[in-house]
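Atoms within each ligand, like the ligands themselves, are counted from 1 in listed order.
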Amino acid sequence: MAESPVLLNKHEAERLLSYDDLIPRLESVMGKFSKRDSSEIIQPVRSVVPIQQHSGFLGVMPAYLAAEGILCTKMVTFYQRPEGSSLPSTQATVLLFHPEHGHVTAIMDGEAITAKRTAAVSAISAKLFMPALSEVLCILGSGQQARSHYDVFTKVFKFKDVRVWSRRREMAHRFVNDLQGPVRVCSSVKEAVMGADVIVTATGASEPILFGEWVKPGAHVAAVGACRPDWRELDDVLMRGAVVYVDSREGATAESGDIILSGAQVFAELGEVINGSFPAQREKTTIFKSLGMGIQDAVSAKLVLEKWNSEH
Ligand SMILES: NC(=O)c1ccc[n+]([C@@H]2O[C@H](COP(=O)([O-])OP(=O)(O)OC[C@H]3O[C@@H](n4cnc5c(N)ncnc54)[C@H](O)[C@@H]3O)[C@@H](O)[C@H]2O)c1
Ligand SMILES: O=C(O)[C@@H]1CCCCN1
């Protein structure tokens, strides 16, 4: 009989997952994915079930990585919460399976995995696409993703000025008060982004909040929110004037309102740049449109389980 699955809560998953371990694994799997070798990786675009009465969605994100022996699925719910809601907007559970026998080997909370792997992938995009001398980081939003992006961006890069904007100013102040490093609250998106070299958009917005006219030419935008085909964070001017990179072409064309509704062309996948088949146009204004992928959760969950196994 199969052993009982390992059960890991959010605190454990968070503790066991480090950016130093995560970043190289994510670079490698994104590169492999972009080779589209189905004997190596199978990862369909996520299935999304709308929960209309409650302004929410359930996404199911399976992935199989044959060479690594990883069979995984994440189940994630995401909601548009009213201002002031204390409920998290994104919650997730990740299951790992034994690829040969089919039983579940681990069940883990997916919130920390989702927060860290998304931010780590954005950091990989910044490493490739941000201007060579980047001094100013701007984060739009003050939730879970804003926090993980702050953590990894200030760990991997050295910025002289870090700015945060949130639609509720008190939330931006609460965000800043929780941090160690120098970071300041801005009272408008315009104030926050003017002159920024790197901009992270991590909000629940469904209409554009970031306008191309404010963005410094050559800046890099890591756009993490707006994960539905009719949601936007970025306006048409920005989308059409920038070189657009995505995590997966299929995901972006199915799910990104910023891409679908602006008519912007996708230049390349992040993995295609990692593989050297497309250039990183660092001197131009660049956007990395992130939707999130099951393979990212799969390698993250495997890392968590490896670490846990090494301790037991
Ligand atoms: N690309 C990915 O892989 C990925 C992964 C997880 C979450 N996300 C998306 O990232 C976004 C942030 O997620 P989170 O987990 O940090 O959520 P969160 O609820 O913790 O934070 C959301 C933030 O967005 C702000 N916000 C909400 N509605 C807004 C609006 N209309 N205008 C401006 N700001 C608004 C909130 O004030 C808060 O600061 C969401 O859109 C989520 O779906 C993307
Ligand atoms: O890839 C993910 O985990 C997220 C969940 C929330 C919506 C967007 N994508």
Side-chain angles (χ1 to χ4, degrees), residues 10 26 30 43 45-50 55-63 72-94 109-125 139-151 164-176 185 188-189 192 200-210 221-234 246-248 251-252 254-259 270 287-298 300-301:
K10 182 179 177 186
L26 288 167
M30 297 297 283
Q43 189 230 248
V45 174
R46 86 184 123 225
S47 298
V48 180
V49 176
S55 308
F57 301 87
L58 167 66
V60 182
M61 304 175 66
C72 179
T73 190
K74 182 166 85 175
M75 287 150 293
V76 56
T77 57
F78 55 103
Y79 288 79
Q80 287 187 298
R81 303 284 190 208
E83 266 197 63
S85 168
S86 58
L87 294 169
S89 64
T90 311
Q91 295 164 89
T93 302
V94 181
D109 184 277
E111 267 189 60
I113 287 178
T114 303
K116 287 192 175 180
R117 63 76 151 142
T118 309
V121 171
S122 296
I124 295 168
S125 87
I139 298 176
L140 304 180
S142 61
Q144 296 193 87
Q145 289 294 334
R147 178 56 201 255
S148 57
H149 279 73
Y150 174 86
D151 290 344
V164 173
W165 169 86
S166 190
R167 73 180 159 161
R168 288 175 67 207
R169 202 179 157 83
E170 80 226 54
M171 296 309 283
H173 280 291
R174 191 181 296 178
F175 179 85
V176 164
V185 171
S188 69
V189 175
V200 173
T201 62
T203 74
S206 52
E207 303 291 334
I209 52 158
L210 179 60
V221 180
V224 166
C227 300
R228 294 293 301 153
D230 55 348
W231 290 1
R232 304 289 301 265
E233 277 188 313
L234 318 180
V246 296
D247 45 12
S248 133
E255 293 190 334
S256 168
D258 285 326
I259 289 174
L270 190 61
I287 294 169
F288 170 60
K289 178 60 223 159
S290 160
L291 277 313
M293 297 170 72
I295 53 167
Q296 300 164 356
D297 301 307
S300 307

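- Under the 4.5 Å side-chain criterion, counting only non-hydrogen atoms from C-beta, I209 is in contact with W165.
- The heavy atom nearest to atom 20 (O) of ligand 1, considering only Q144, M171, K289, is found in Q144.
- Below 4.0 Å from some heavy atom of V76 lie the following atoms of ligand 2, by number and element: 5 (C).
- Looking at Q296, R117, K74 and measuring to atom 1 (O) of ligand 2, the nearest heavy atom belongs to R117.
- Distances from ligand 1 to the non-hydrogen atoms of R117 include at least one value under 4.0 Å.
- Here the heavy atom of the protein found nearest to atom 21 (O) of ligand 1 is G143 CA, 3.3 Å.
- Short contacts between ligand 1 and G225, defined as distances under 4.0 Å to a heavy atom of the residue, involve ligand atoms 9 (C), 10 (O), 11 (C), 41 (O).
- Of all atoms in ligand 1, listed by their number and element, those nearer than 4.0 Å to a heavy atom of S142 are 39 (O).
- Numbered from 1 in the order shown, with element, the atoms of ligand 1 that lie under 4.0 Å from a heavy atom of S166 read 37 (O), 39 (O).
- Counting heavy atoms only, T118 comes closest to atom 2 (C) of ligand 1 of the residues V164, T114, T118, T201.
- Counting heavy atoms from C-beta outward, S122 and V224 have side chains that approach closer than 4.5 Å.
- Of all the atoms in ligand 1, the ones that sit under 4.0 Å from a non-hydrogen atom of G141 are 39 (O).
- Counting atoms of ligand 1 from 1 in the listed order, those under 4.0 Å from a heavy atom of S290 are 1 (N), 2 (C), 3 (O).
- The protein atom (non-hydrogen) at minimum distance from atom 8 (N) of ligand 1 is V224 O, 3.8 Å.
- Residue nearest to atom 9 (N) of ligand 2, selected from V121, L291, T77, I113: L291 (by heavy-atom distance).
- Ligand 1 lies out of reach of R168, whose nearest heavy atom is not under 4.0 Å from it.
- When non-hydrogen atoms are compared, ligand 1 lies under 4.0 Å from the side chain of R167 (C-beta onward) but not from its backbone.
- You'll find the side chain of V48 reaches within 4.5 Å of the side chain of E255, heavy atoms only.
- Atoms of ligand 1 found under 4.0 Å from any heavy atom of C227 (numbered from 1 in listed order, with element): 44 (C).
- Between W231 and F78, the two ring planes are perpendicular [angle over 60°; tilted spans 30° to 60°].
- Annotation: side chain of F288 is in contact with side chain of V121 (closest heavy-atom distance under 4.5 Å).
- Minimum heavy-atom separation, V45 to G251: CG2-N, 4.0 Å.
- When only non-hydrogen protein atoms are considered, atom 18 (P) of ligand 1 lies nearest to S89 OG, 3.4 Å.
- Listed by number with element, the atoms of ligand 2 under 4.0 angstrom from any heavy atom of G292 are 1 (O).
- Judged purely by atom type and a 3.5 angstrom limit, E233 uses its side chain to pair as donor or acceptor with the backbone of T203.
- The NZ atom of K116 lies 10.5 Å from the CZ atom of R147; values are rounded to the nearest 0.5 Å.
- When atom types are taken as modelled, the side chain of K289 and the backbone of V246 share no donor-acceptor pair closer than 3.5 angstrom.
- The parts of T203 lying near ligand 1 are both backbone and side chain, judged by heavy-atom distances below 4.0 Å.
- Here the side chain of D247 pairs a donor or acceptor atom with the backbone of L291 at under 3.5 angstrom.
- In terms of protein heavy-atom proximity, atom 13 (O) of ligand 1 is closest to Q145 CG, 3.6 Å.
- Looking at heavy atoms from C-beta onward, V94 lies in side-chain contact with C72 at the 4.5 angstrom threshold.
- Scanning the protein heavy atoms around atom 23 (C) of ligand 1, the nearest turns out to be A202 O, 3.8 Å.
- Counting heavy-atom neighbours within 6.0 Å of R174 CZ, excluding the residue itself, gives a total of 12 or less.
- Of the protein's non-hydrogen atoms, G204 N, 3.8 Å is the one closest to atom 25 (C) of ligand 1.
- Side-chain contact check for T114 versus K74: some heavy-atom pair is nearer than 4.5 Å.
- Distance from atom 8 (C) of ligand 2 to its nearest protein heavy atom, with residue and atom name: C227 SG, 3.2 Å.
- Of the possible donor and acceptor atoms, none in the side chain of Q145 sits under 3.5 Å from a partner among the backbone N and O of A202.
- Heavy-atom contacts of T90 reach the following atoms of ligand 1: 15 (O) (cutoff under 4.0 Å).
- Counting only distance, with no hydrogens or angles, the side chain of Q80 and the backbone of S55 share no donor-acceptor pair below 3.5 Å.
- For ligand 2, the polar-atom distance check finds an N/O of R46 within less than 3.5 Å of one of the ligand's N/O atoms.
- Scanning the protein for heavy atoms near atom 31 (N) of ligand 1, the closest one is A205 CA, 3.5 Å.
- Residue T114 has at least one heavy-atom neighbour below 4.0 Å for each of these atoms of ligand 2: 3 (O).
- Ligand 1 places these atoms under 4.0 Å from at least one heavy atom of L291: 1 (N), 2 (C), 3 (O).
- The shortest side-chain heavy-atom distance between M30 and Q296 falls under the 4.5 Å cut-off.
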